[in-house]
Asker: 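Would you mind keeping the following structure in view while I ask a few things?
Below, chain A is the first sequence line, B the second, and so on; all start at residue 1.
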Number of protein chains: 2
Amino acid sequence: MYCLVKSAPLFLAVAVCNGWLFGDFVGKQKELDEIALWPLPQKFQSSAIAFQLSPTRFQIVQAKQSSAGPSCSMLENAFRRYFEYIFGDLKKPEKSRKKVYDSDLVELQVWVTSADPECDGFPSLQTDESYELSVDEPSAVLKAANVWGDDYGTEISDFPRFAHRGILLDSSRHFLPLKVILANLEAMAMNKFNVFHWHIVDDHLFPYMSRTFPELSQKGAYHPFTHVYTPSDVKMVIEFARIKDLLTPCYSGSSPSGTFGPVNPILNSSYDFMTQFFKEISTVFPDAYIHLGGDEVDFSCWESNPDIQKCMVQQGFGTDYSKLESFYIQRLLDIVAATKKDYMVWQEVFDNGVKLKDDTVVEVWMGNKMEEELQNVTGAGFTTILSAPWYLDYISYGQDWQHYYKVEPLNFPCTDAQKKLVIGGETCLWGEYVDATNLTPRLWPRASAVAERLWSDKSMTDVDNAYNHLVQHRCRMVKRGIPAEPLFVGHCRQEYKGL
Amino acid sequence: MYCLVKSAPLFLAVAVCNGWLFGDFVGKQKELDEIALWPLPQKFQSSAIAFQLSPTRFQIVQAKQSSAGPSCSMLENAFRRYFEYIFGDLKKPEKSRKKVYDSDLVELQVWVTSADPECDGFPSLQTDESYELSVDEPSAVLKAANVWGDDYGTEISDFPRFAHRGILLDSSRHFLPLKVILANLEAMAMNKFNVFHWHIVDDHLFPYMSRTFPELSQKGAYHPFTHVYTPSDVKMVIEFARIKDLLTPCYSGSSPSGTFGPVNPILNSSYDFMTQFFKEISTVFPDAYIHLGGDEVDFSCWESNPDIQKCMVQQGFGTDYSKLESFYIQRLLDIVAATKKDYMVWQEVFDNGVKLKDDTVVEVWMGNKMEEELQNVTGAGFTTILSAPWYLDYISYGQDWQHYYKVEPLNFPCTDAQKKLVIGGETCLWGEYVDATNLTPRLWPRASAVAERLWSDKSMTDVDNAYNHLVQHRCRMVKRGIPAEPLFVGHCRQEYKGL
């Protein structure tokens, strides 16, 4: 399931350090390093002036010219949140500070320029996320086309390199409490990720509570009281294997083995189910995209089932079960297309020759022949996102974030038109070995490396420089209560206080 | 620094599930799996009787015959703690439970048999940790030689296979808050580890606050207010590289480079420092052992220093800097020996031919030629502990705990006398990439695999069986608030509630 992140509007995380907004960084790499904006803005310049931010005088306000007013609750909430980020940890009274600043900065005006500020809407991949920030006394001005613009710094003109900057989390292998998901949405916001790919459905579990099929909720694999996602969370947990008419019964020799494989593709009831189910899904989720999967289908259960064997013969598929898969996916895609949603699929669906709508997004996830696949998918005119180099569930000793950082998504032989079809990427933290106990430190700051690759300019390739910035960015996440793990030896001014 | 764990007295974690003590497990592997004691006791048997534990009637008491009385505060604290473990999460009132039990278990009598219960003492490697537990109505009896005995189950006679069962944590690379250390001591207790090897001192930091050398505390590498271990914690942080007269100044060509290497072995002042320092250490730490390190000494700084080059010639060491290292270590060992402490050293100290006291413990940590090293060390008559196969800082995808579990410490060609010299092992979680954000889930339940290897019988080698037990043991840790990471897909009745 794709959810474009709604919790990441208009970041006001200006580069402050205990309440001071620093200037004086023009051409001074060392001091620029001390700000260590992450992901680095496209254009960044600062003046020689240092401004003081006082919690008693400074405020964040709607600019008079802004199309968004006080009724834009999303912005008002963001103002409060970022005021807290800036001043929340100020312990010492202002007077004890000895440093002399040139002048006071009394307000940050937020100016939304487009006629529709999209206060109540959802972002899409077409959303203009650019912004400009200008800091001068007595007011700083943050200008953005809509509430999805984003900022950081002292004199910044910024925009994302790629429109799609995603993270996949997997609640099908382990139950992820809402608290953990929400905390990581906040960390995503800090890293300018804009797409949360919520992997809800898989062989192991089907943790979406359907109103159309409510009886399924009583058969949850998890404990029915302690391990459910409530309906208001738009999720709940059922055991997929027990939806028996939907799944293929596997056989051991001539009799059913009692286990179940993928969806049974030869029953009309399967497609009736999907039709009703996706009709519900399309109303519950506001997102433009539904990710239909289609990767790593295991054919052994289909092969064991005599009814399916018969159908293979009737359809003239021989023993090529990928033809049956294509047949199934094709009908599924038609069902989803009828809901007016666009869809994303894993690369196998394209590789297997399923006929796809022109605007389908194909996700390239296989590490071998990645460049060849990007060539083929974009060569066929399809939009693509890349996740192959960014499977964070594969862990190893040392600074693997450097590998993620060094990836150049457009480094494959292609035309300019093909390059434009690569709209971004996503990093995947699959859940086989991940749950609430270890998800957050395993994800951060490793995912931050992907964040800068997908947002910042292509020229950002210096790993040593990135290290210096990322160390500080990681400390900022820790300061906000996110247990991002250390890059290497060292310390933050404020360490993580939890377990 | 070695600290024999004081926080692990007399575990009363009887196998209860929401307050019920189950019996009826004789010869029934499936139900035995459901108890999943970890590490598995040496002898375990249960009756066909199921006892009820009621929070209003059940109590843990000192047996009349016990040498420990109500004044043994360590035991009294343990009673309270385990009562909370057993009944702390009972939400439902007792009456709503429908299962019928044969009878009530009203008390657990704890009977310490030896004349000195060691209520105020510290455990040593000679401590008798065996215990017997017998459950029958109306009282269960837990019998142990002293307060360090340990239990679990319904009819158990248990003792550790190895005396030394350790975990190394590293606060020299990252600051570890006391809260994290204490929480992991509790997890160690649940896993019957009995030695906490506290790696305080290394190149990066020297986080012990000395009273003899108090001026060093002002030069801390961490923030002086937020990142200090208080003196009462017996630790504080200073920047080792600034103890300039103690460390060797490195040279770049003919002039000092401004950096510092290992301790300067050619100055008497270095040995004066060590003499005073270890005199203090020996009084602050009650432990019998001090671990002196001696691994991975980098000779390049010594090689660059002209004074040291001169000394090499004078001593007739040629260019063999390991001879200089031995010379230094030899004097250091003499200094420590004078404090009446025993010492442990990494294997290089032995390998380099330093003359060691007969009762020195040599730690074998290098993965290559591990068996050969064990042969050599024990062949020379030295006691040894093994850590080579259990470096948990090396992470990888998948169930690496299985590798730790499969290790057999005594699987090297040797005599019975040599086998007896292998007194145990320890698992090491070095701190380059570990701090409070990720330490606990990275350590548990991977370290639990080592725990069973070091406590339970040699015959416990079935990894599938261990998996079934460990999954449940991990859930018990999670239930007690320890964020132990998942072994694979699945869930616990009570998941981790934190981030």
Asker: Could you label the plane-to-plane angle of the B/Y433 and A/Y397 rings as parallel, tilted or perpendicular, counting under 30° as parallel and over 60° as perpendicular?
Answerer: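 Because their plane-to-plane angle is over 60°, the rings of B/Y433 and A/Y397 count as perpendicular.
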Asker: Looking at A/E485, A/K497, A/Q399, which has the largest count of heavy-atom pairs under 4.5 Å with chain B?
Answerer: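 Maximum pair count with chain B is reached by A/E485.
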Asker: Nearest 0.5 Å, please: how far is OG1 in A/T437 from CE in B/M477?
Answerer: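 It comes to 10.5 Å.
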Asker: With B/A466, which residues qualify under side chain to side chain contact (heavy atoms under 4.5 Å, CB included), at least two apart?
Answerer: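 B/A466 satisfies side chain to side chain contact (heavy atoms under 4.5 Å, CB included) with B/W38, B/W401, B/Y405 only.
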Asker: Could you look at A/D393 and say if it's the side chain, the backbone, both or neither that has a heavy atom under 4.5 Å from chain B?
Answerer: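 Both parts, backbone and side chain.
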Asker: Under a 4.5 Å heavy-atom cutoff, which of B/V180, B/V434, B/I395 has the most pairs with chain A?
Answerer: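 The option with the most such pairs is B/I395.
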Asker: Mind checking what makes side chain to side chain contact (heavy atoms under 4.5 Å, CB included) contact with A/C475, not counting sequence neighbours?
Answerer: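 Partners of A/C475 by the side chain to side chain contact (heavy atoms under 4.5 Å, CB included) criterion, ordered by chain and then number, come out as A/C492.
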Asker: Less than 4.5 Å to any heavy atom of chain B: does that hold for the side chain of A/L487, its backbone, both, or neither?
Answerer: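 Only the backbone of A/L487 comes within 4.5 Å of chain B.
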Asker: Find the distance between CG (B/L439) and OH (A/Y496) and round it off to the nearest 0.5 Å.
Answerer: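 Spacing of CG (B/L439) from OH (A/Y496) equals 12.5 Å.
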Asker: For the residue pair B/P486 and A/D435, what are the closest heavy atoms and their distance?
Answerer: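 Minimum heavy-atom contact is CD-OD1, 3.3 Å.
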Asker: Over all heavy atoms of both residues, which pair between B/P441 and A/N438 is shortest? Give the atoms and the distance, please.
Answerer: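 Of all heavy-atom pairs spanning B/P441 and A/N438, the closest is CB-CB, 3.8 Å.
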Asker: Top residue by heavy-atom pair count (under 4.5 Å) with chain B, among A/G481, A/G398, A/A183?
Answerer: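 Most heavy-atom pairs under 4.5 Å with chain B: A/G398.
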Asker: If only atom types and distance count, is the side chain of B/H174 paired as donor or acceptor with the main-chain N or O of A/F488 below 3.5 Å?
Answerer: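 Such a contact is found between B/H174 side chain and A/F488 backbone.
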